[in-house]
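Naming: A, B, ... by sequence-line order, numbering from 1 per chain.
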2 protein chains.
Amino acid sequence: MSTISTIYDVSRLSGVSTATVSRAFSNPDQVRESTRRKVYEAAEMLHYSPNAIARAMALQRTDKIAYLICKKGATILDEFYAGICDGIMRTANRSDFQLLVSTEEDWPLTVSTAQSKQIEGVILGGNAQPSLVSELQDQHVAVVLVNNRIAGFDLPCVVADEASGVRQAVELLIGRGHRRIAMLAGRVTPYVIGERYRAFLECMKEHGLQVGPADVKMCDANVDGATEAATELLSRPDRPTAVFCANDVVAAGTFKAARRLGLHLPEDLAVVGFDDSSVCSMLEPELTSVNINTRRMGELCVERLTALLEGEKQVPRLTVVPTELIIRRSV
Amino acid sequence: MSTISTIYDVSRLSGVSTATVSRAFSNPDQVRESTRRKVYEAAEMLHYSPNAIARAMALQRTDKIAYLICKKGATILDEFYAGICDGIMRTANRSDFQLLVSTEEDWPLTVSTAQSKQIEGVILGGNAQPSLVSELQDQHVAVVLVNNRIAGFDLPCVVADEASGVRQAVELLIGRGHRRIAMLAGRVTPYVIGERYRAFLECMKEHGLQVGPADVKMCDANVDGATEAATELLSRPDRPTAVFCANDVVAAGTFKAARRLGLHLPEDLAVVGFDDSSVCSMLEPELTSVNINTRRMGELCVERLTALLEGEKQVPRLTVVPTELIIRRSV
DNA sequence: GGTTTTTATGTAAGCGGTTACATATATTGT
DNA sequence: ACAATATATGTAACCGCTTACATAAAAACC
């Protein structure tokens with residue numbers, strides 16, 4: 001089986017024309033049962049399988065899409081974006097799409113690369129620049145945004161229900177009797193931090209709770225930044241009894257700060273995270289966090305993209321994936 | 001700029017033949033300076049960029065490679081395999097390779113899929129089955145193994161220097177005065193666990209330290225499995241004073257078990273992990289762990305694969321990437 | 001059974017590049 | 001200035017598949 005066989009080989013062996021062989025594979029109902037069998041048999045013998053490149057060439061479509069992670073310093077290592085990637089991959093593989101993955105940094109997706117690699121659609125994860133989006137759209141590359149929204153653009157966005165997640169988390173804290181609740185706002189992406197912050201304020205206000213300027217601290221979305229900020233927050237005389245963290249990494253930093261200050265969790269301090277990443281169960285006590293179904297988000301991205309590519313009208317512009325609070329021992 | 005331009009358009013606008021245009025792009029030194037400029041100018045005006053599909057068709061090479069994660073239950077979410085993936089992606093993008101990524105589960109790579117998708121080379125991560133390897137090799141698909149070795153196959157493998165990593169970790173513990181050192185062997189992949197276990201025994205023996213059957217505990221490579229196993233291990237009357245963990249997740253489980261048993265880290269128990277994953281700095285105390293340069297491993301995979309595809313003789317069969325112990329406060 | 005209609009198959013022209021070979025143009029030597 | 005050589009460009013076939021159109025075969029009709 002050393003050489004790869006082509007449609008011509010099958011044609012010759014089965015005694016029909018290449019056109020018929022082609023039809024037997026892509027439009028089986030156009031060829032008579034008996035002929036079809038002959039073709040399949042020959043194909044089987046030759047271990048024939050159609051050449052996707054030649055197919056793409058003839059059909060003028062490549063079924064090739066890309067997932068670009070737009071977040072400074074982020075890689076596929078980012079558990080959140082990896083989760084989305086997983087969902088995209090699964091769905092793409094199932095639908096026979098070819099998926100190229102990259103981060104903005106090591107492969108700045110430009111119109112010309114998209115063009116030359118014949119990419120038909122792009123899923124932009126995170127903080128995509130409007131200029132990139134409009135360039136791509138100008139070139140008729142289908143674009144879907146995930147975990148982000150950009151005002152003034154007409155394209156499908158897939159996001160998590162941040163507001164509901166925040167509400168569930170904050171209301172759990174309130175329900176457990178907490179009144180002085182702080183927020184540790186790690187700088188994830190502008191969109192996400194904005195949503196979570198807004199929802200936090202809104203929810204606190206609804207419950208008649210004060211949020212002073214010192215109750216919300218910004219910090220870098222990594223352990224060190226969070227530990228530092230949390231230390232400040234928890235060193236205040238009227239320190240909060242609960243901290244709502246913008247994500248799990250920040251929560252881990254809060255854990256470290258608390259422990260170093262001699263506080264016991266969850267007795268002295270309740271902590272809630274966001275993302276429900278794998279660290280939640282590695283921490284002690286285990287971290288209560290808001291689960292985001294990233295895989296589902298990825299799947300939906302591909303579905304929306306497919307719909308765009310098929311030229312469907314009425315592709316939903318906004319898809320919101322539910323979030324769910326996972327209660328563990330940190331509260 | 002709505003329609004995409006082809007080499008014919010450039011040919012017409014610049015007044016030279018398509019052959020020359022083609023050469024101007026792929027073999028610039030074969031065309032005279034002045035002609036080249038005309039061609040580039042026309043291309044610029046038309047926003048021309050060569051069609052990769054057509055190119056692949058003519059050249060009979062696709063520059064398409066795949067990375068397949070072979071580990072039950074594993075996804076791209078696995079930080080270790082994601083790190084490798086990151087390295088692969090960067091290098092692949094730089095060298096103009098197209099990369100398809102998948103896990104064994106949701107896209108069982110078969111010879112026919114490899115064939116029809118025109119995949120020229122495959123990087124198999126983790127526990128690849130020999131049967132898959134030989135099938136692929138039979139079809140002349142280039143194969144590189146990463147984080148694994150299979151006896152009896154002639155192919156490049158890229159692995160970490162497990163033995164050295166283990167030695168550094170264990171010798172650190174011994175250097176700090178520990179004598180009763182246990183190993184918590186999470187079932188990662190057969191190859192990896194085998195290497196780490198063997199190296200552990202060897203190193204202990206060299207230092208004249210006993211390793212009883214109760215001193216090595218197998219467990220699932222997740223937090224719960226590790227917590228359970230660690231609890232048993234640490235409940236013994238003559239409990240070890242240090243635990244060498246097969247990876248960081250297992251170490252996190254050990255942390256939890258220790259804390260629940262009222263042990264203080266690092267005073268009552270020293271813990272060392274493996275992989276130096278992101279959780280290391282999230283734990284309190286921060287986890288000492290063996291760093292594996294996964295990105296480098298990924299890069300090397302692509303380099304080896306490229307070498308195979310270019311038909312180079314003497315592609316190294318074994319590439320060992322150094323490991324480095326990162327000392328933190330858990331010891 | 002012969003004509004019309006329907007269905008199955010074949011022929012050949014692309015899809016957008018590359019490249020062997022032929023030809024035209026430039027460079028060199030005397 | 002002309003032949004010999006080196007270099008630049010053009011012509012056209014090919015990569016493997018699809019599909020419009022033409023033709024052949026089968027089915028349906030009277």
Side-chain angles (χ1 to χ4, degrees), chain A residues 3-40 42-43 46-64 96 98 112-120, chain B residues 3-43 46-64 96 98 112 114-120:
Chain A
T3 57
I4 287 182
S5 51
T6 73
I7 205 170
Y8 293 99
D9 302 317
V10 179
S11 154
R12 200 170 326 117
L13 183 60
S14 61
V16 303
S17 72
T18 61
T20 302
V21 176
S22 172
R23 283 188 281 252
F25 282 102
S26 23
N27 296 82
D29 42 323
Q30 279 180 26
V31 11
R32 195 184 317 149
E33 169 70 24
S34 58
T35 321
R36 218 186 307 157
R37 256 209 310 278
K38 274 196 304 190
V39 171
Y40 290 161
L46 295 166
H47 291 103
Y48 167 78
S49 67
N51 181 325
I53 300 280
R55 196 146 202 282
M57 178 99 214
L59 288 175
Q60 297 287 83
R61 39 194 301 261
T62 59
D63 287 335
K64 203 182 289 180
D96 258 317
Q98 313 204 29
S112 82
T113 57
Q115 224 173 265
S116 92
K117 295 211 176 187
Q118 307 296 110
I119 291 170
E120 300 185 326
Chain B
T3 57
I4 287 182
S5 53
T6 74
I7 204 170
Y8 294 98
D9 302 318
V10 178
S11 154
R12 200 170 325 118
L13 182 59
S14 60
V16 303
S17 73
T18 61
T20 302
V21 176
S22 172
R23 282 188 282 252
F25 282 102
S26 24
N27 296 82
D29 43 324
Q30 279 180 25
V31 10
R32 195 181 320 145
E33 168 69 26
S34 57
T35 320
R36 218 186 309 157
R37 254 207 311 279
K38 274 195 306 191
V39 172
Y40 289 163
E41 208 171 292
L46 296 166
H47 291 101
Y48 168 77
S49 66
N51 180 325
I53 300 280
R55 196 148 200 281
M57 177 101 214
L59 289 174
Q60 296 288 81
R61 37 194 303 260
T62 58
D63 288 335
K64 202 184 289 179
D96 258 317
Q98 313 203 29
S112 82
Q115 224 173 265
S116 91
K117 295 210 177 187
Q118 305 296 109
I119 290 170
E120 299 185 328

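The heavy-atom pair separating B:Val16 from B:Lys38 by the smallest distance is CG1-NZ, 4.2 Å. The shortest non-hydrogen separation linking A:Phe25 to A:Val39 is CE1-CG1, 4.1 Å. Between B:Ser14 and B:Ala42, the shortest heavy-atom distance links the atoms CB-CB, 3.7 Å.
Distance, B:Lys38 NZ to D:dT9 C1': 10 Å, rounded to whole Å. Here C:dG16 presents its P atom at 9 Å from CD of A:Gln118, a figure rounded to the nearest Å.
Rounded to 10°, the angle separating the first-five-pair axis and the last-five-pair axis of the helix from C:dG1-D:dC30 to C:dT30-D:dA1 equals 30°.
Judged by distance alone, the side chain of B:Asn27 and the main-chain N or O of B:Gln30 form no donor-acceptor pair under 3.5 Å. Of the possible polar contacts, one joining the A:Thr62 side chain to the A:Gln118 backbone as a donor-acceptor pair under 3.5 Å is found.
At least one side-chain heavy atom of A:Leu46 sits under 4.5 Å from a side-chain heavy atom of A:Val10.
Of the inter-residue distances, the one linking B:Arg23 atom CZ with B:Arg32 atom CZ reads 12.5 Å to the nearest 0.5 angstrom.
We find that B:Arg37 and B:Glu41 are not joined by a salt bridge, their nearest charged nitrogen and carboxylate oxygen being 4.0 Å or further apart.
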Where along nucleotides 15-28 of chain D does protein come under 4.0 Å, by heavy atom, of base (B) or sugar-phosphate alone (S), with - for untouched nucleotides? BBBBBB-----S--

